[in-house]
Amino acid sequence: MSFNGLNDQEIRRREELSKLRELGVNPYPSSYTKSHNSSDVLSQFSDEDASALSDISIAGRIVAVRKMGKATFCHIQDEAGKIQVYLKKDDLGEVYDHFSLFDIGDIIGVKGYAFRTKVGEISVRATVLTLLAKSLTPIPLGKEETDENGVVTRYDAIADKEQRYRKRYLDLIANPEIKATFIKRSKIITAMRRYFDERGWLEVETPILQPLYGGATARPFITHHNALDIELYLRIADELYLKRLIVGGFEGVYEISKNFRNEGMDKTHNPEYTSMELYVAYKDYTWMMEMTEDLLQTIAMQACGGTDVDFKGTALSFKAPFARAKMYDLFQEHTGKDLRGASREALYAIARELHVEVEPSASSMKILDEIFSEKVEHHLVQPTFVMDYPVEMSPLAKAHSTESGLVERFELFVMGKEVANAFSELNDPIDQRERLEEQSRIRADGDDEAMVLDEDFLNAIEVGMPPTAGIGVGIDRLVMLLTNNDSIRDVLFFPQMRPEKTQAQRSEE
RNA sequence: GAUCUCGUAGCUCAGCUGGCUAGAGCAUUUGACUUUUAAUCAAAGGGUCCUGGGUUCGACUCCCAGCGAGAUCACCA
């Protein structure tokens, strides 16, 4: 065995591993029968009658050891929490001596009985001690102190954000409270799925590898299929495939899936992220708004226990109904200007007047977008539906039934961020073709985020799609809001990080 | 992509306007200790000071470049 590149602690643990094997201890047995979780023991223990917990077995990782000669206290951590274990030479005989070859980080099984120590902590006294997995790497576990009020102070735990994201397994061990965020994330998705399933909408799967990408304006990732010798794109949205399924006769389909966008990364953007898209036939965006507020209210209640949540000091209410505002009314309210029907030149002049910086060559849409971002968005703190967007901004949305130049679209904003985007889906094939051809022209003019023309999708719309309402929800952003996290990296187990350069890579350059 | 800040032991950090052998606590090792709880007491080992250049008699410290991270902005839903 080579110890090259290992530090003293890593070498010592390998030596201990060999010693254990020599003593006939299997450091990696196949299974272990657990009767209780730590939390079960703590909640079920009774001082009056300890017989219920007189023969139990628990298992977990050693996270703290206090050795006092022929008796040792340690804490083990399992999925549900931590519990103290009491080991005594008299009880364990030579197995007690093996314990000196165990380390913080090792996973052990403990069979024994629950009791309360002199100082009052419910603990498990071991009659049988089993090593379940020897740990070969020191784990950066901080010591903890719990005061009379049960407030836990942790010292020196792994704090470096980079390490926490790159080695999430260590983060989860050393900072187990972050599990709550991920458990809530799972509950949010489960609640959403349950809501849709109860209404009879079908969960489906559509291709991630696509010969053409579409459904959103974004730059894609490109990959290559060897056997077909073609370029394939990682999807940027589910929209065009889900609509094909509505054309095919399904009347409610949804997909919870990863999308991939080849763009910048920051607090609210990860190159791969989770979105949910739902399409329901014979409905429009008004119906969809009502569904959305009911959905989010339901999710908040099921995942957070109520419709009121705290986000970094702001009290948010997900109690339906949400505020609704037309986009142009919001412009009027926050800029004092009526931008309806304004020409590009007029918009440009207004932007300058409002001190909103825009490129002189910017399109009307770009200018509107800028003014909205700078002057309106940050006012939308509580959940707010912004309705009725200009047609040019929304090539897949249906023209508004009463207002020309607009489409039946809404976006849901919370804390100034977009959480959902929905519209009455465009099902007029002629109109759809013209809009996508316009996108092709914009693309040809150099905007590589404009949509690609997908003939097969147009063919599907020509076959005939019923009136349909569709929505996309950014799951990560929703989870951020409901778990009080302001960085997307804290709601993803494994956020994308720049790979660390190896020594070899460095010397090549 | 731009700017600012940061990178020292397994972990958390100190290290002055450049100056002796780079420190502390935890973790680790050895010894003591059969109800401890940030256990305690005694001793010991452990460093590519992010990397590579430069300035200097002398660099953890100053300068340049690079790598990585965080924050802000830009881009982007």
Side-chain angles (χ1 to χ4, degrees), chain A residues 5-13 15-16 63-75 82 84-92 96 100 103-105 115-121 123 125 135-147 152-166 170 174-175 216-219 236-237 259 261-271 273 275 357 359 366 369-370 372-373 377 393 411-413 416-421 448-449 472-474 476-477 486-489 495 497-503 505-507 509:
Chain A
L6 298 179
N7 65 39
D8 57 337
Q9 298 196 33
E10 291 164 338
I11 292 167
R12 181 184 53 74
R13 284 169 185 245
E15 288 167 353
E16 286 174 345
V63 292
V65 178
R66 290 176 296 282
K67 192 168 184 183
M68 297 158 19
K70 298 187 176 62
T72 295
F73 288 92
C74 63
H75 273 92
K82 272 178 220 175
Q84 181 167 259
V85 171
Y86 180 47
L87 308 168
K88 208 176 169 190
K89 169 92 170 170
D90 295 345
D91 296 340
L92 295 166
Y96 183 82
S100 62
D103 284 292
I104 288 177
F115 73 111
R116 190 183 288 276
T117 64
K118 200 163 71 183
V119 201
E121 181 164 351
S123 308
R125 181 157 169 176
S135 167
L136 297 182
T137 309
I139 294 173
L141 274 164
K143 291 203 169 188
E144 283 182 4
E145 186 178 26
T146 310
D147 67 13
V152 175
T153 310
R154 189 172 303 128
Y155 300 88
D156 305 342
I158 180 170
D160 178 27
K161 286 268 188 192
E162 175 178 0
Q163 277 235 57
R164 295 182 59 185
Y165 296 141
R166 287 191 195 275
L170 291 180
N175 300 305
T217 53
R219 278 188 287 264
I236 58 170
N259 286 343
R261 298 194 180 179
N262 208 340
E263 285 158 359
M265 294 155 56
D266 60 28
K267 263 182 153 172
T268 56
H269 296 82
N270 195 65
Y273 68 98
S275 84
E357 281 186 35
E359 299 277 324
K366 185 73 194 163
D369 207 25
E370 282 296 325
F372 192 82
S373 301
E377 258 180 27
M393 288 172 110
E411 292 188 306
L412 175 65
F413 283 84
K417 290 278 180 193
E418 180 211 343
V419 175
N421 179 21
D448 58 358
E449 285 172 3
V473 177
D476 308 287
R477 289 187 183 177
D486 61 5
S487 171
I488 194 170
R489 292 179 165 174
M497 302 288 279
R498 191 182 297 274
E500 292 175 292
K501 284 208 170 185
T502 64
Q503 203 70 44
Q505 284 172 313
R506 275 200 208 105
S507 53
E509 292 169 20

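Below, chains carry the letters A, B, ... as their sequence lines are ordered, and counting in each starts from 1.
Positionally, the nearest nucleotide of RNA chain B for A:R13 lies more toward the 5' end than for the other of A:M497 and A:R13.
How far CD1 of A:I11 is from CD of A:E16: 12.5 Å, rounded to the nearest 0.5 Å. The distance from atom CG of A:D156 to atom CG of A:L141, rounded to the nearest 0.5 Å, is 11.5 Å.
Between B:A27 and B:A9, the distance separating the two C1' atoms is 11 Å to the nearest Å. Using atom P as the reference point in both B:G53 and B:G58, the two lie 16 Å apart (nearest Å). To the nearest whole angstrom, the two P atoms, one in B:A59 and one in B:U72, are 38 Å apart. B:G66 and B:A2: their P atoms are spaced 10 Å apart (whole Å). Using C1' as the reference atom, B:G18 and B:U61 are 6 Å apart when rounded to the nearest Å. For the C1' atom pair drawn from B:G70 and B:C50, the interatomic distance equals 16 Å after rounding to whole Å. Look at the C1' atom in both B:C75 and B:G54: the space between them is 36 Å, to the nearest Å. Remark: the separation of the P atoms in B:A65 and B:G46 is 37 Å, to the nearest Å.
The partner of B:A27 is absent, by the rule that a Watson-Crick or G-U pair needs both atom distances under 3.5 Å. Look at B:A14: it lacks any Watson-Crick or wobble partner with both distances under 3.5 angstrom. For B:G45, there is no paired base (Watson-Crick or G-U wobble, both distances below 3.5 Å). Under the Watson-Crick or G-U wobble criterion, with both distances below 3.5 Å, B:A9 has no partner in any strand shown. Checking B:A65 for Watson-Crick or G-U wobble geometry (two distances, each under 3.5 Å) identifies B:U51 as its partner. Here B:A71 sits opposite B:U3 as a Watson-Crick or G-U wobble pair (both hydrogen-bonding atom distances under 3.5 Å). B:C60 makes up no base pair with any nucleotide shown, lacking Watson-Crick or G-U wobble contacts both under 3.5 Å.
The distance from atom CE of A:M265 to atom P of B:G1 is 12 Å, rounded to the nearest whole Å. Between the CD atom of A:E15 and the C1' atom of B:U28 there is a distance of 13 Å, given to the nearest Å. Between the CZ atom of A:R164 and the C1' atom of B:G70 there is a distance of 13 Å, given to the nearest Å. Between the C1' atom of B:G1 and the CD atom of A:E263 lies a distance of 14 Å, rounded to the nearest Å. Residue A:E16 contributes atom CD, which lies 10 Å from atom C1' of B:U28 at whole-angstrom precision. Atom CG in A:D103 sits about 11 Å away from atom C1' in B:U29, given to the nearest Å. If you take CZ of A:R12 and C1' of B:U29, they are 7 Å apart, rounded to a whole angstrom. Atom CZ in A:R154 sits about 16 Å away from atom P in B:A27, given to the nearest Å.
Applying the side-chain hydrogen bond (donor to acceptor under 3.5 Å, both in side chains) test to A:D103 and every residue at least two apart in sequence or in another chain returns A:R12, A:K134. A search for side chain to side chain contact (heavy atoms under 4.5 Å, CB included) contacts involving A:V152 returns A:E144, A:T146, not counting sequence neighbours. Take A:E377 and apply the side chain to side chain contact (heavy atoms under 4.5 Å, CB included) test, not counting sequence neighbours, and it matches A:F372, A:S373, A:F413. Not counting sequence neighbours, the partners of A:R116 by the side-chain hydrogen bond (donor to acceptor under 3.5 Å, both in side chains) test are A:D47. Residues passing the side chain to side chain contact (heavy atoms under 4.5 Å, CB included) test with A:P495, sequence neighbours excluded: A:Y165, A:R168, A:N270, A:R489, A:L492. Every residue meeting the side chain to side chain contact (heavy atoms under 4.5 Å, CB included) condition with A:K88, not counting sequence neighbours, appears here in chain and number order: A:Y86, A:D90, A:D91, A:R125.
Counting non-hydrogen atoms under 4.0 angstrom, A:A218 reaches the backbone sugars and phosphates but no base. Backbone-only contact: A:D160 has heavy atoms under 4.0 Å from sugar-phosphate atoms and none from a base. When heavy atoms are screened at a 4.0 angstrom cut-off, A:A157 is found touching the sugar-phosphate backbone but no base atom.
Checking A:R477 against A:Y273 by side-chain atom types alone, no donor-acceptor pair falls below 3.5 Å.
Residue A:R219 places no side-chain N or O under 4.0 Å from the OP1 or OP2 atom of B:C76.
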Under 3.5 Å donor-acceptor pairs involving side-chain atoms of residues 63-70 of chain A, not counting sequence neighbours:
{"residue": "A:R66", "atom": "NH2", "partner": "A:H75", "partner atom": "ND1", "Å": "3.3"}
{"residue": "A:R66", "atom": "NH2", "partner": "A:Q84", "partner atom": "OE1", "Å": "2.7"}

Below 3.5 Å is the cut-off: list the nitrogen or oxygen pairs between protein and nucleotides 5-10 of chain B, distance only.
none

Hey, mind stepping through A:N175 and A:R154 against side-chain contact (heavy atoms from CB on, under 4.5 Å) and telling me if it holds? CA-CA 9 Å; A:N175 300 305; A:R154 189 172 303 128; 3.2 Å; yes

**Report entry** side-chain contact (heavy atoms from CB on, under 4.5 Å) between A:D147 and A:T153, worked out
**Finding:** CA-CA 8 Å; A:D147 67 13; A:T153 310; 5.9 Å; no

Scoring nucleotides 33-40 of chain B by protein non-hydrogen atoms under 4.0 Å (B base, S sugar-phosphate only, - none) yields BBBBBBB-

